[in-house]
Q: 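First the structure, which I've put down as structure tokens, then a few questions once you've had a look.
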Protein chains: 2
Amino acid sequence: MEIKKVAKGEFVQKPDELKHKIIHVVTGLLRMYLVDDDGKEHIYMFAPEGWTLSDFAAIAESKKSIFYIDAIENSQIEIITKGVDEKIPRTLDEYTDQTIEMMGRRIATLQNRVVMLLSFSALDRYKQFIATYPDIVNRVPQRMIASYLGITPQALSKIRGQKNTKR
Amino acid sequence: MEIKKVAKGEFVQKPDELKHKIIHVVTGLLRMYLVDDDGKEHIYMFAPEGWTLSDFAAIAESKKSIFYIDAIENSQIEIITKGVDEKIPRTLDEYTDQTIEMMGRRIATLQNRVVMLLSFSALDRYKQFIATYPDIVNRVPQRMIASYLGITPQALSKIRGQKNTKR
DNA sequence: AAATGGCGTTAACCTAGATTAATAAATCTA
DNA sequence: TAGATTTATTAATCTAGGTTAACGCCATTT
């Protein structure tokens, strides 16, 4: 396990790297995102202090990751590196309590995210985001929140205008 | 743990029940879905043989579930029931290898789903679905696939027409 | 076999959010 | 601190997919 400082804007991972990374954020704030065929960024998740980032699907399927990971703030992180073909632990005693807890939280988060993307309007997604991650809201630019919500910065700007006049 | 037969169309869970359920599918096919404020159904996941269904977020947050679960085919299932306030296991030795494996697969699946919902067009979502779940495609009505993809049955029908003529 | 109800398809119209573009404010950099 | 770059906002226009509605096809029930 490697401890590292990353400056704002610095990359920790790029797609197609030959090693998988599991990144634990000690201080600061990172983001994990993909770039689609049209060159558009889509933020998969933010990771503030205490969160862990990794491409579970890539590790599970022994594929290369499609995600970029970079720092939104100067951060301190711990990195565990594994070969692309290295298998996920197969039995219980290869796991730690901490890993299990992280997995449970991750499933709950992803589940809520899918429900939101499936059934909420852009406005409701935004409301839920600020209710769920009030601290993140003030630490990242609007356009990244828009990207996380699956809408354009322009649409988010419009929504915020409406939201304020409607009260 | 309770073993049960459920007939096609029969409910296994409805929202707001006072017990959480973890459902393992032995044979057959179930679906887990929610109904939004406009009365529209959104399918969260399908569960054929070997899959496990549960509302992780509700269990993690000790809340009541928002999901319906019912049988698409006559099925045989195993149900584990827990009180709504009953805590998720806290330490490793309360887990089984099987549970851990299920969690890993679930994260990978959900991650792929979020990426798809964030960055794919309706057509690409459909293509990815039939590539990933070829067997499910022929076991569920189109309208349910549409619901899973986050589009209307009419939109899916149109897409399928295009897809065929474009070759 | 008629009636009922679910399902898939097609088509006309509509709307939430995307796209494009222009501007101003904030932030970075030399 | 001047210039360059990024960000947020507003507005005009466009479009993927939603909505509504009608029709035909199977199944199931009577």
Side-chain angles (χ1 to χ4, degrees), chain A residues 7-11 29 31 33 35-43 46 68 70-74 116-130 136-166, chain B residues 7-11 29 31 33 35-43 46 68 70-74 116-130 136-166:
Chain A
K8 180 175 173 173
E10 189 179 331
F11 284 98
L29 177 60
R31 77 207 246 248
Y33 67 96
V35 177
D36 70 21
D37 295 342
D38 299 334
K40 271 173 242 151
E41 291 181 6
H42 303 274
I43 295 183
F46 296 110
Y68 293 84
D70 68 9
I72 295 176
E73 300 172 357
N74 296 330
M116 171 187 105
L117 290 171
L118 271 184
S119 66
F120 285 20
S121 70
L123 174 58
D124 288 340
R125 300 215 281 273
Y126 179 60
K127 284 191 198 158
Q128 156 144 331
F129 183 85
I130 57 184
I136 293 185
V137 174
N138 302 306
R139 294 166 68 183
V140 311
Q142 304 289 353
R143 62 181 190 85
M144 289 192 191
I145 295 177
S147 172
Y148 181 91
L149 298 177
I151 61 177
T152 58
Q154 293 88 329
L156 180 54
S157 180
K158 198 192 291 184
I159 282 165
R160 297 181 73 230
Q162 288 169 14
K163 192 168 170 286
N164 294 329
T165 51
K166 269 189 189 166
Chain B
K8 180 175 171 174
E10 190 179 330
F11 284 99
L29 178 59
R31 77 208 247 246
Y33 67 96
V35 176
D36 70 21
D37 295 342
D38 298 333
K40 270 173 243 151
E41 292 180 5
H42 302 274
I43 295 183
F46 296 109
Y68 293 84
D70 67 9
I72 295 176
E73 300 172 358
N74 296 329
M116 172 187 104
L117 289 171
L118 271 184
S119 66
F120 284 19
S121 70
L123 174 59
D124 288 340
R125 300 217 281 275
Y126 179 61
K127 282 192 198 156
Q128 157 144 328
F129 182 84
I130 57 184
I136 293 185
V137 175
N138 302 304
R139 291 165 71 182
V140 310
Q142 303 288 355
R143 63 182 188 83
M144 291 192 190
I145 295 177
S147 173
Y148 181 91
L149 298 178
I151 61 177
T152 58
Q154 292 89 329
L156 179 53
S157 180
K158 199 192 290 184
I159 282 165
R160 298 181 73 229
Q162 287 169 16
K163 192 167 171 284
N164 293 330
T165 51
K166 269 188 189 165

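Note on naming: letters A, B, ... go to the chains in the order of the sequence lines (proteins, then strands), and numbering restarts at 1 for each one.
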Q: Between A:N74 (side chain) and A:K8 (backbone), is there a donor-acceptor pair under 3.5 Å?
A: yes
Q: Are there any protein N/O atoms within less than 3.5 Å of an N/O atom in nucleotides 13-20 of chain C, and if so, which ones and at what distance?
A:
residue, atom, partner, partner atom, Å
C:dG17, OP1, A:A122, N, 2.9
C:dA18, OP2, A:T152, N, 3.1
C:dA18, OP2, A:T152, OG1, 3.0
C:dT19, OP1, A:K40, NZ, 3.0
C:dT20, O4, A:Q154, NE2, 3.2

Q: At less than 4.0 Å, is any side-chain N or O atom of B:R160 found next to OP1 or OP2 of C:dT9? Yes or no.
A: yes
Q: Using every non-hydrogen atom in the two residues, find where B:L149 and B:M116 come nearest and quote the distance to one decimal.
A: CD2-CE, 4.1 Å
Q: Which heavy atom of A:A71 sits nearest to which heavy atom of A:A7, and what is that distance?
A: CB-O, 3.5 Å
Q: Testing the 3.5 Å rule here: is there a donor-acceptor pair between the side chains of B:Y148 and B:R31?
A: no
Q: For nucleotides 5-7 of chain C, print each protein N/O atom paired with a nucleotide N/O atom at under 3.5 Å, atom names and distance only.
A:
residue, atom, partner, partner atom, Å
C:dC7, OP1, B:R143, NH2, 3.4
C:dC7, OP2, B:R143, NE, 2.8
C:dC7, OP2, B:R143, NH2, 3.3

Q: Minimum heavy-atom separation for A:E41 to A:S147, with atom names?
A: O-OG, 3.4 Å
Q: Donor-acceptor check, side chain of B:D36 to backbone of B:D38, threshold 3.5 angstrom: yes or no?
A: yes
Q: Taking atom CG of A:L156 and atom CZ of A:R160, what is their separation to the nearest 0.5 Å?
A: 6.5 Å
Q: What's the shortest heavy-atom distance between B:G150 and A:L118, and which atoms?
A: CA-CD2, 3.7 Å
Q: In whole angstroms, how far is the C1' atom of C:dG8 from the OH atom of B:Y126?
A: 12 Å
